[in-house]
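In what follows, a structure is listed as structure tokens, so that the remarks can point back to it.
Just so it is clear, the values below take in all heavy atoms, side chains as well, and ignore hydrogens, waters and symmetry mates. Residue numbering restarts at 1 for every chain, and letters A, B, ... go by the order of the sequence lines.
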Amino acid sequence: MTTHSKGPGLLQANVGILKSHMGTFYPGSHVIFRGHDLHTELQDMDWVELYVFGITNRRFSKEQLRLMHSIWTYTSYPDVRLWNNRVAALAGSSRSTGNLGVSAALAVSEASIYGRGIDMRAIDFLIRTRQQLADGCLLTDCIKQELDAHRSIAGYGRPLVNGDERNQHILTLAHSLGLDQGPYLRLAMSVEQTLYSGRWRMKMNYAGVVAALVADLGFSPREYYLFLFPAFLAGMQPCYIEAADRPEGTLYPIPCIDVTYEGESHRPWKLKDNNDCHNTRS
Amino acid sequence: MTDKIKPHSIRTRIWREEPEADNPFVARAAYCHGYDVYGEMLGNARWVEMLYLLFRQEAPSSSQADMLETLAVALSNPGPRDASVHAAMCGGVCGSTAASSLMAALAVGAGQYTGAHEVFSAMQAWATCGTDVEAWRRQSTQTQETSGSIWPASEHFPGFDPHGVSTATTVKQTLACLAGHGCGEHLRWLQQNLSAMEEMAGSPLALSGVTAAALFDLGFTPDQGEMLYLLLRLPGAAAHALEQRPLGYKKFPFGTVELEDAATQEAV
């Protein structure tokens, strides 16, 4: 497109016509999706197949797609207490729209202690560790390095409990599909064994299992991140619906006295009349 | 201990409410960091004073309030060419909800290029390098660790415009006005060392960089600065979204896409 690597020349070269290899639609005629006619070539794809094709530009076997479906299914919890689901439900209780509530709920699913934040760290850890082992490092050293750097290992341990009810189900399914023999899953199991038998006593959680299973399908971290976007989605709508069906404002009502105040006592408001900048950095 | 007594209690250092006698769910008084919001602040406090108080736990001096207000004016409208405002207009132009237009502006304006995470990174750099040009030079040569992050890697030094040629007049005006408030030393230092800093970054200073220095001088943390930058840029996004609504999509650029064949080959 242009030889400019940055600067107004690069911007100018991108004014006007948009170049794309992803696709476009021709109003009233047809749609191209990654080089294929959506309605005549891809029309029989199921939705997850199309979704991962859009992300990876790759086709997957029926077994692999079944696993991907179930990765989402097994982590769709209609529990209003979960922080992301609660956002959707509070939107329902506040009589906001379902789209706004669920969109915001998906956005907050990019958290640092669960969801996309942990997912990215989990797949990154597995990819790095596998490379380090190939370079001759010992697994225990890799684990210690990770713990020194982050004080935790993404994919192991859990905010509420140590152990994960989803793991046995997804592993059973992966086994039945012949998708449980990949190098990343073996590595993830070895890490769990080391962590659990050592002083850390941490078990692998769902983020660890899924990162390994999907890395074994050949996903890059970015592909994995984008693939997981709707992971919690199916649990959110029930939370919104139930809250919307209750009398308005009755989800998590909080009386004034149930807010524990730990701040300054009452003090009179008076604008400081000097011009000195207290609390500034110098 | 309090948690055991009240398992459903929210803990806060910011806000205290006293209930009405006839309804425990309605406040008869609300205190922000100890100040009576409706009894004393209302009519006496400026919006920026409340903003500062909420984040910093103390009321600002008049100079700090003036400086924050100056910054708020400078950031209030990034203009319709800005990607975050463009996103808000995409909501407005087709009649999407008000909240979705602002959510669009927040999402697009959150990133590493002209966005709030850039301000966050620039404030971290101020905390690390302070007023030491050599420290900034060392910082600029260090590889940023982005492995395992949800954020895409930054492709330029935060706070500087990778597509700029020289310091924009508006950026210089904002820097001069903010530095004139005399709060903190970093803005003045930046003004005095602008050439060295731009040489270090390989690009001219951007408004995000001025903002980072200003928020740092006002005592905000990078986390607080990221939030404030998101907040303070919303008014323009809202106004432009509303402006586009009656104009409709036919008067909003749609563009033309040309497909490139080379990259359509499926990966094996």
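- Judged by distance alone, with hydrogens and angles left aside, the side-chain atoms of B:Arg13 form a donor-acceptor pair with the main-chain N or O of A:Glu262 at under 3.5 Å.
- Across all their heavy atoms, A:Trp269 and B:Leu53 have their closest contact at CZ3-CD2, 4.2 Å.
- For the pair A:Leu100 and B:Ser100, the tightest heavy-atom approach, listed with the atom from each and the gap, is CD2-N, 3.6 Å.
- Among the candidates B:Phe220, B:Tyr31, B:Trp151, B:Phe25, the residue making the largest number of heavy-atom pairs closer than 4.5 Å to chain A is B:Phe25.
- More than 12 heavy atoms of other shown residues, nucleotides or ligands fall within 6.0 angstrom of atom OH in A:Tyr252.
- Partner A:Lys6 forms a side chain to side chain contact (heavy atoms under 4.5 Å, CB included) with one of B:His163, B:Glu155, B:His156 and no other, that one being B:His163.
- Within 6.0 Å of atom CZ in B:Arg81, 12 or fewer heavy atoms from other residues, nucleotides or ligands are found, so the atom counts as exposed in its surroundings.
- The local environment of CD in A:Gln145 is crowded, with over 12 non-hydrogen atoms from other residues, nucleotides or ligands closer than 6.0 Å.
- The contact between A:Ile32 and chain B is made entirely by side chain atoms (from C-beta outward), counting heavy-atom distances below 4.5 Å.
- Only the side chain of A:Arg128 comes within less than 4.5 Å of a heavy atom in chain B; its backbone stays farther off.
- With a 4.5 Å cut-off on non-hydrogen atoms, A:Phe125 does not touch chain B at all.
- Considering all non-hydrogen atoms of both residues, B:Pro19 and A:Ile257 come closest at CG-CG2, 4.4 Å.
- With a threshold of 4.5 angstrom between heavy atoms, A:Ile17 approaches chain B through its backbone and through its side chain.
- No more than 12 heavy-atom neighbours from other residues, nucleotides or ligands sit within 6.0 angstrom of CG on A:Asn99.
- Contact annotation for B:Ser149: only backbone heavy atoms (N, CA, C, O) come within less than 4.5 Å of a heavy atom of chain A.
- Chain A forms the most heavy-atom pairs under 4.5 Å with one residue out of B:Ile150, B:Asp161, B:Thr256, and that residue is B:Ile150.
- Atom CE of A:Met45 sits in a crowded spot, with more than 12 heavy atoms from other residues, nucleotides or ligands closer than 6.0 Å.
- With a 4.5 Å cut-off on non-hydrogen atoms, B:Trp189 does not touch chain A at all.
- Proximity of a side-chain donor or acceptor of B:Arg16 to a complementary backbone N or O of A:Ser265 within less than 3.5 Å is not detected.
- Heavy atoms of B:Glu20 lying under 4.5 Å from chain A are absent altogether.
- For A:Arg81, the CZ atom sits in a loose shell: 12 or fewer heavy atoms of surrounding residues, nucleotides or ligands are nearer than 6.0 Å.
- The residue among B:Gly130, B:Gly255, B:Ser147 with the most heavy atom pairs within less than 4.5 Å of chain A is B:Ser147.
- We find that A:Lys19 and B:Glu260 are not joined by a salt bridge, their nearest charged nitrogen and carboxylate oxygen being 4.0 Å or further apart.
- Counting heavy-atom pairs under 4.5 Å between each of A:Gly263, A:Ala122, A:Pro8, A:Cys256 and chain B puts A:Cys256 at the top.
- Shortest non-hydrogen contact noted between B:Leu259 and A:Tyr26 is CD1-OH, 3.6 Å.
- Heavy atoms of B:Thr12 lying under 4.5 Å from chain A belong to its backbone as well as its side chain.
- With a threshold of 4.5 angstrom between heavy atoms, B:Ala30 does not approach chain A through any atom at all.
- Taking all atoms of both residues into account, the shortest heavy-atom contact from B:Ser9 to A:Val259 is OG-C, 4.1 Å.
- Atom CD of B:Glu18 is surrounded by more than 12 heavy atoms from other residues, nucleotides or ligands within 6.0 Å.
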